[in-house]
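First up is the structure itself, then whatever we jot down about it.
Worth saying up front: this structure is predicted, and the values here are computed from it rather than measured.
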Amino acid sequence: MYLDEIFGLKGKVAVVTGGSRGIGQVVAEGLARAGAEVVILSRSQADETLQKISDAGGCGYFIKTDVTVEESVTQAFQVIMERSGSVDIVFNNAGVCLHKDTLEATVEEFRQVVDVNLTGEYIVSRAAGKIMIKNDIHGSIINMASMSGSIVNIPQWQCSYNASKAAVIHMTRSLAVEWADHHIRVNSLSPGYIATPMSVDTPKELKDAWMPLIPMHRMGKPEELVPAVLYLAGNASGYTSGSDVVVDGAYTCV
Ligand SMILES: NC(=O)c1ccc[n+]([C@@H]2O[C@H](COP(=O)([O-])OP(=O)(O)OC[C@H]3O[C@@H](n4cnc5c(N)ncnc54)[C@H](O)[C@@H]3O)[C@@H](O)[C@H]2O)c1
């Protein structure tokens, strides 16, 4: 009962971007298990995620959306308001990573990474914030950052990714302050290396190089991010805004 009061999300509508696989898929299922109706916004189909939500006794639906295209995002939020009548939680998770050194990567490639990871989260936050303010919804926006927003990963070079995630952390603080009077909380989540399609396809020699650098000597599981998202999504974090929650096996401590 007590846990329901602070972590339960019954009656809430939660939007998850990039929820067709990886972290987004697992978190979408977790939000549904906590009672939220979950709406997946992604470029690719989310049948597997919807099946997992339904198997867990939850409910949700998918809207094909490209987070870098403002019109696509605006239309998606219109559909959500018509169908579900609210937007209470946004997990701004869609993202891409590019491993290339700076002189090899093109300026266009830099722009593409920043466009999804930073501008995409800005477009989605802005669309959600507009609805929350208009309808006096005391919502929670959770922006996916990364430990790469605070440290520089080695040995792979990924300047565009690191820069985009650092900007997400400070965009989060900016929106938290700007929207505090509207009772909208905005926080970021900074995972370390998590085993998902984004990182599992990484060459073995790279992962072997990472392990000694992680004090816990393993990658995290997407399931280990769910409790942090549930904390940021619900009543438990009522006085938490502008924070960056780090879940990284202590990587950033050393
Ligand atoms: N895996 C890790 O080690 C790790 C660590 C820290 C942070 N992150 C962050 O977590 C998030 C999810 O990562 P993941 O490992 O699950 O990656 P993933 O590649 O498995 O999933 C990314 C999802 O984003 C979607 N997506 C990409 N571009 C999109 C766009 N323009 N519009 C809509 N959807 C789009 C993809 O379709 C996919 O569903 C990313 O923001 C990533 O930067 C991942």
Side-chain angles (χ1 to χ4, degrees), residues 5-19 24 27-28 31-32 34-42 60-95 114-145 164-165 167-189 228-245:
E5 273 168 35
I6 58 174
F7 290 113
L9 300 176
K10 213 167 181 344
K12 303 286 185 194
V13 178
V15 176
V16 177
T17 70
V27 168
L31 289 164
E37 180 182 26
V38 178
V39 188
I40 310 291
L41 307 187
S42 196
Y61 55 95
F62 164 76
I63 306 172
K64 191 172 170 60
T65 312
D66 185 333
V67 298
T68 64
V69 180
E70 190 183 0
E71 202 189 359
S72 168
V73 172
T74 307
Q75 275 171 9
F77 276 100
Q78 261 166 17
V79 172
I80 297 168
M81 288 307 282
E82 282 160 21
R83 195 163 160 181
S84 305
S86 191
V87 172
D88 303 290
I89 298 154
V90 175
F91 182 46
N92 234 331
N93 161 80
V114 171
D115 203 26
V116 180
N117 294 1
L118 177 63
T119 314
E121 293 197 13
Y122 176 79
I123 290 171
V124 172
S125 294
R126 191 171 176 275
K130 207 172 191 176
I131 287 172
M132 288 172 182
I133 290 167
K134 186 173 169 207
N135 296 282
D136 195 25
I137 297 166
H138 296 191
S140 169
I141 297 174
I142 303 151
N143 290 327
M144 179 56 99
S164 70
K165 294 300 187 179
V168 164
I169 293 170
H170 206 56
M171 176 178 76
T172 298
R173 295 190 192 112
S174 307
L175 294 177
V177 175
E178 192 170 333
W179 290 344
D181 283 340
H182 295 290
H183 308 283
I184 299 169
R185 295 180 301 101
V186 190
N187 292 286
S188 58
L189 178 67
V229 176
L230 294 185
Y231 164 68
L232 293 174
N235 294 336
S237 58
Y239 196 53
T240 304
S241 196
S243 291
D244 182 46
V245 175

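- A 4.5 Å side-chain heavy-atom check between Lys165 and Met144 finds at least one atom pair inside the cut-off.
- Smallest separation of non-hydrogen atoms from Ser188 and Asp244: OG-OD1, 2.7 Å.
- Shortest non-hydrogen contact noted between Ala36 and Ala14 is CB-CB, 4.0 Å.
- When all heavy atoms of Leu9 and Leu230 are compared, the pair lying nearest together is CD1-CD2, 4.1 Å.
- Note that OG1 of Thr74 and CD1 of Ile131 are 8.5 Å apart. Values are rounded to the nearest 0.5 Å.
- Ile63 places none of its side-chain heavy atoms less than 4.5 Å from the side chain of Ile40.
- In this structure, a donor-acceptor pair under 3.5 Å is absent between the side chains of Arg185 and Thr240.
- In this structure, CD1 on Ile89 lies 11.5 Å from CD on Glu37, to the nearest 0.5 angstrom.
- In this structure, Ala233 and Leu31 approach most closely via the heavy-atom pair CB-CD2, 4.3 Å.
- Between the side chains of Ser72 and Asp66, no donor-acceptor pair is found at a separation under 3.5 Å.
- Atom CE in Met81 sits 10.5 Å away from atom CD in Gln78 (nearest 0.5 Å).
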Stepwise side chain to side chain contact (heavy atoms under 4.5 Å, CB included) test for Met132 and His183: CA-CA 9 Å; Met132 288 172 182; His183 308 283; over 6 Å; no
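- For Ala128 against Ile141, the heavy-atom pair with the smallest separation is CB-CD1, 4.5 Å.
- With rounding to the nearest 0.5 angstrom, the OG atom of Ser243 is 11.5 Å from the CG atom of Leu189.
- Not a single donor-acceptor pair under 3.5 Å links the side chain of Ser164 to the backbone N or O of Val114.
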Side chain to side chain contact (heavy atoms under 4.5 Å, CB included) between Thr172 and Glu121, worked out: CA-CA 10 Å; Thr172 298; Glu121 293 197 13; 5.7 Å; no
Pair Asn92-Ser125, side-chain hydrogen bond (donor to acceptor under 3.5 Å, both in side chains): steps then yes or no: CA-CA 8 Å; Asn92 234 331; Ser125 294; 3.1 Å; yes
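- In this structure, the side chains of Ser140 and Ile142 come closer than 4.5 Å at one or more pairs of heavy atoms.
- Met171 has its side chain within reach of Leu118: a pair of non-hydrogen atoms, C-beta onward, lies under 4.5 Å apart.
- Under a cut-off of 6.0 angstrom, the local environment of NE2 in His138 is crowded, with over 12 non-hydrogen atoms contributed by other residues, nucleotides or ligands.
- Residues Phe7 and Tyr231 come closest through the heavy atom pair CE2-CA, 3.8 Å.
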Side chain to side chain contact (heavy atoms under 4.5 Å, CB included) evaluation trace for Val124 with Val90: CA-CA 8 Å; Val124 172; Val90 175; 3.8 Å; yes
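- Heavy-atom contacts from other residues, nucleotides or ligands closer than 6.0 Å to OH of Tyr122 number 12 or fewer.
- Ser241 places none of its side-chain heavy atoms less than 4.5 Å from the side chain of Trp179.
- Side-chain contact between Val87 and Val15: present, with at least one pair of heavy atoms (C-beta onward) separated by less than 4.5 Å.
- When side chains are defined from C-beta on, Leu41 does not count as touching Phe62, because their heavy atoms never get closer than 4.5 Å.
- Counting heavy atoms from C-beta on, the side chains of Val186 and Asn143 come closer than 4.5 Å.
- Remark: the backbone N or O of Val16 is not paired with any side-chain donor or acceptor of Asn93 at under 3.5 angstrom.
- Between the CD1 atom of Ile137 and the NE2 atom of His182 there is a distance of 13.0 Å, given to the nearest 0.5 Å.
- Interatomic distance, CD1 of Ile123 versus OG1 of Thr65, reported as 12.0 Å (0.5 Å rounding).
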